[in-house]
Structures are given as C-alpha cells and as structure tokens.
Amino acid sequence: MQITRTPAEVRDALRGAGRPVGLVPTMGALHAGHLALVAQARAECRTVVASLFVNPLQFGPGEDFDRYPRAFESDVAALEAGGVDVVYAPDVGTMYPPGFATSVDPGDVGERYEGSLRPGHFRGVATVCVKLFATAGCDRAYFGAKDAQQAAVIQRVIEDLNLPVELIVVPTVREPDGLALSSRNVYLDVEQRAAAPALHRALDAVMRAVTHGETDRDRAVAAGRAELTVPLHEAYLDVVDPQTFVSPERLDAPVLAIASAWLGPTRLIDNVPIEAPAHAPHEIVR
Ligand code: AMP
C-alpha cells in the first residue's frame, strides 16, 4: 500500500492502475462503517484508493474541526488490512494552497436539513469531493448511506458536472443496539451513549407507520417523535424524497426517514430508507 501526500504522487501511484479505480473518501478516525465502504470497493474494483483528510471547508465556525478525532497510524493500518492500494492523505495547505478560490455549490439539495444547520457545509463537501475525484481519476466513489444528504448532494454534482464517476452508496453499519457508527460517537458520555439508540428507534417508528399505510407526513413523523425524549433534543425529524430532500405531502413513493438530535454538545444524524410504497388498505390491489 502506497501513502501519497500530493495530487502528483497520487497520479504517479495510479499510472497504469487496473480499472475500475474505486475511491473511498474519509475524514479518518476509521470505524467499521468506513471499512464496509473499503470492503465493498475492494470487492468491486481492481484498484482501491482511500483518502484521509479532515476537510476544514465543510466545518463551520464554532464546529469541531480542531477537536475532530485524528488517528493516522491506526487508520493506515486498518486501510492496509482492508486491502487498499493507495492512501491519499494531503495536508490542508496541499488541498487548499494560497490563492485557492473555486468552490462547488450543489444548490437546493444542499440547503435543506444539514445544509440549513451547517451553512456552507455541502459546498465544502462538494468542493473537496470534486477535487478528490479529479485527483484519483476514479471510476467509482463509495459513500455511506448514513450520510444520505451527502450522497444526494454528490449525486447531484456528478450529474450536473457530467463527472465520469459512479456513486455507490453502502448501507449504514450499526452497533447492536441500533446506533449508527460515527466518528463523533466518541464524544458521548456514558449516559448519552445509553440514550443515543433512541434516534434510530424514532426512525424505525416512522418507517413502521409508513409501511403500515400512514400516508400523512405529520402523523408519520409524530409516531417517531414520541421516541425522541430527554436527554435527546430533536434537531429535525422528517420524511423526504431521497434525491431532493424535499418532503412530499403524501407518502406514496419510496421515501427516506431522516433524523438528527443533540445529545449535549454533540449532534447525531441517522436515516432509514422506506422502500415499500405506502398504500392505504383500500388502495391495495389484489
Ligand atoms: P466521514 O469520515 O465521517 O466523512 O465518513 C466517510 C464515509 O464513511 C462517508 O461516506 C460516510 O457516509 C461513511 N460512513 C460513516 N459512518 C458510516 C456508517 N456507520 N456506515 C456506513 N458508512 C458510514
């Protein structure tokens, strides 16, 4: 496994590499969720590139950029064990040298929910991802379903900019109690960690309501809201179209239940896809 620090080193390392080339972008502090992306890329691609870069552009003022967990040595060991061919770990000055000025604005899908709580977040994500795609010249890019709005933003960018990259979304890896793995889970104290699975229970309750025929968004959301009790404080809970993140008035197509809640200073996010279209009992065609 080669460790590279600059775009030129990445290109050298990948010259003549077998295709498809799969890219797994990460901010490091790797856990089993990241490694599921690596495993799927390894299974599907001749060459696998993983990036480790805590991207300052996607953090707002007062967010956790400085204290975001960093674990370079153990990350490299985990990527090597996962069969990665090339690691790209640039420093901030390499990614954003003096004079850097261009950014990618993904438009409406990046303004809702996470985008409204973190203004500029998805512009930062889209910008770094386009740079990573261009640097790696990847054919496929692997993203986690856990960050569903991020995946929707990247799909929008790929289509709008005609990028020759296929987005692959990998299902969310969870703890046995339902909590989605996240690098930010290390911020939770014992009491917060014990309460955290309620976020997933809330989403499950919304999903059950819809699959049992609830087509009214407010009633479906209310079913989940009952789970979001102290010490959790809701940031949002909703049912949306998975591509646009617009909330349909009537839940009669495949939709996504999304949620975010604060636990002390930490905000967790999660989502559950609702695959089966909801049908009121009288609409079922036999
Ligand atoms: P991050 O390092 O948090 O930027 O995450 C890097 C990639 O790993 C993103 O595509 C995330 O969606 C994905 N990811 C993070 N947590 C999980 C998880 N629990 N299951 C699956 N993918 C995940």
Side-chain angles (χ1 to χ4, degrees), residues 22-44 48-60 63-65 67-72 74-76 78-79 82 84 87-90 95 106 110 113-114 118 121-133 136 138 140-158 165-188 193 196-197 199-200 203 242 245 256 258-260 266-273:
L23 171 70
V24 182
T26 83
M27 298 204 298
L30 301 181
H31 51 63
H34 299 109
L35 298 178
L37 273 56
V38 169
Q40 191 164 331
R42 184 66 282 168
E44 296 176 354
V48 177
V49 184
S51 60
L52 297 171
F53 179 64
V54 185
N55 176 30
L57 227 57
Q58 70 189 69
F59 289 77
E63 291 187 355
D64 56 345
F65 175 71
R67 68 181 187 119
Y68 193 84
R70 287 162 172 88
F72 185 74
S74 56
D75 287 348
V76 165
L79 294 174
V84 167
V87 174
Y88 179 37
M95 186 63 84
Y113 301 99
E114 288 303 303
R118 308 181 70 184
H121 170 67
F122 286 121
R123 178 191 291 253
V125 169
T127 302
V128 80
C129 285
V130 169
K131 288 189 61 127
L132 291 169
F133 296 171
C138 57
R140 298 180 185 159
Y142 290 79
F143 285 84
K146 188 205 153 235
D147 298 285
Q149 195 174 0
Q150 171 170 275
V153 161
I154 298 303
Q155 186 61 48
R156 183 77 267 148
V157 169
I158 286 173
V165 178
E166 184 186 358
L167 174 74
I168 311 284
V169 179
V170 178
T172 302
V173 178
R174 301 180 179 283
E175 300 283 4
D177 61 9
L179 176 64
L181 266 55
S182 163
S183 306
R184 290 192 168 95
N185 290 352
V186 298
Y187 298 154
L188 303 177
R193 173 62 189 82
L199 190 63
H200 182 238
L203 289 162
F245 273 66
L256 188 70
I258 59 169
S260 174
T266 305
R267 189 168 62 81
L268 301 180
I269 64 171
D270 201 353
N271 66 85
V272 166

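Each ligand, and each atom within it, is numbered from 1 in the order the structure gives. Heavy atoms only: backbone and side chains are in, while hydrogens, waters and symmetry mates are out. Residues take their numbers from the sequence shown, with the count starting at 1.
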(request) With the side chain counted from C-beta on, respond yes when Ile154 and Phe143 share a heavy-atom pair under 4.5 Å apart, and no when they do not. (result) yes
(request) Let me know which of Leu79, Leu37, Val24 forms a side chain to side chain contact (heavy atoms under 4.5 Å, CB included) with Leu30. (result) Leu79
(request) Please list, by chain and number, the protein residues whose heavy atoms come under 4.0 Å of ligand 1. (result) Pro25, Thr26, Met27, His31, Gly33, His34, Leu37, Tyr68, Phe143, Gly144, Lys146, Asp147, Gln150, Pro171, Thr172, Val173, Leu181
(message) Strictly by side chain to side chain donor-acceptor pair (under 3.5 Å), give each pair with a member in residues 141-154 just once, sequence neighbours left out.
(response) Glu44-Tyr142
(message) Taking Glu63 first and then Arg267, would you say they form a salt bridge - that is, a charged N and a carboxylate O separated by under 4.0 Å?
(response) no
(request) Not counting sequence neighbours, which residues clear side-chain hydrogen bond (donor to acceptor under 3.5 Å, both in side chains) with Arg184? List them please. (result) Asp64
(message) Glu175: which residues meet the side-chain contact (heavy atoms from CB on, under 4.5 Å) condition with it, sequence neighbours left out?
(response) Asp177, Leu179, Leu181, Arg193
